[in-house]
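Everything on this sheet refers to the single structure shown next.
Bear in mind that the values here come from a model prediction, so they are computed numbers and not experimental data. Order of listing sets the numbers, starting from 1, for every ligand and every atom in it. We use all heavy atoms of the structure for the numbers below, so side chains are in, but hydrogens, waters and symmetry mates are not.
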Amino acid sequence: MPFRTITGHHNLLDLIARAATRGTLPPSLIFAGPEGVGKRTAAVALAQFMNCTGSDMRRMVPASELRWDAGGDDSCGVCGPCKRIARGVHADVLILEPGDTGVIRIDQVREAVGRAAYRPFEGRRRVVIVDDADTLNVEAQNALLKTLEEPPAASTFILVTSRPDMLLPTVRSRCQRLRFGRLAPADVAAVLMHGHQYAEKDAHAAASLSDGSIGRALDEGSDEFVTAREAAAGLLESVAASTDPRRRLEGAKALTGAARGGSDREELARRLHALSSILRDLGALLSRADERCLANADLRPLLERLQRSFDGERTLRAFSAVDRALSALDRNASPKIVADWLAFQI
Ligand SMILES: [Zn+2]
């Protein structure tokens, strides 16, 4: 996909595209950053960028698919090379990834290194993408060393990893490391809606608990996120303006309500994470943070209602109580006791 249809990481992608246009992009790169934020997608986009034969992408890509535009060149996404790279069948773009054994075998590396020694068959540049590069064992990393140090002309190597520290220092020192950050909640929600057909409500609920990772949002069912957030919102509303102990106990009950999947413990943990996500937003609103930083921007009316009862001090106190509740749960405390305790702390 063209860089400009990728959600998030605009500055970094713009930098990569400009360097590739000028021919100043180092030939050995590490794309590092959290799991599930689009590092591999960006690596494939770079391979397309360097081999695209189409014309001006801004005329080729429908405006509805453009996520950003900083000017400058981009791939078209629709020419033969762009399409073959996206399907993983372009002769000059190799993607190495771990197989069933969970590691990238040394013979995969040797084959890629061997092929990279020849000039590209059909494109302008040969690109070798090593996904989950941290699964290369020491021997396989050593087999890559010489090539990373002096890549053959017209070849680019991209090591994609969420654990760059698992790579040998000798490998790291031969590559330019580019850091991908977490995505803003609004960006995760946008990807879930546009790329994975989530309904708006489900997308925002999943994004609010995804910690900026699309991978993480997709791992969990969106139903669970929605339920967790509703339970958390229910507790906050029932304790917001009332000191009545009965209401608090009812709120606690809502928090430990029937688990829809997994154990009561997992369900309560999910709801506690939802609680801290909402409380974090309340804190952000108090400090007048940008709307895009809010994980639960779609719950704006709720947040505004809660703001009337939650000042800075109460929000902070509640936030740290949720944190303590999560650690107690980790240490095997009973979910019911944890929820009852919490309902009287916030
Ligand atoms: Zn193209």
For Arg125 and Thr156, what are the C-alpha separation, side-chain angles and deciding distance, and is it a side chain to side chain donor-acceptor pair (under 3.5 Å)? CA-CA 7 Å; Arg125 223 176 155 84; Thr156 297; 2.7 Å; yes

Other members of the hydrophobic cluster containing Val113, with the 4.5 Å side-chain heavy-atom rule, please. Ile30, Leu94, Leu96, Ile104, Val109, Val128, Val130, Leu136, Val138, Leu144, Leu145, Leu148, Phe157, Leu159, Leu167, Leu168, Val171

Between Arg300 and Glu304, does at least one N-O distance fall below 4.0 Å, as a salt bridge requires? yes

Run the ring pair (Phe, Tyr, Trp, His ring centres under 6.0 Å) test against His10 and tell me which residues pass, sequence neighbours left out. Trp68

Donor-acceptor pair between Asp134 and Thr161 side chains, under 3.5 angstrom: yes

So, using ring pair (Phe, Tyr, Trp, His ring centres under 6.0 Å) as the criterion, who are the partners of Phe310 when residues are at least two apart? none

In the shown structure, where waters are left out, how many protein N, O or S atoms lie under 2.8 Å from the Zn ion (ligand 1)? 4

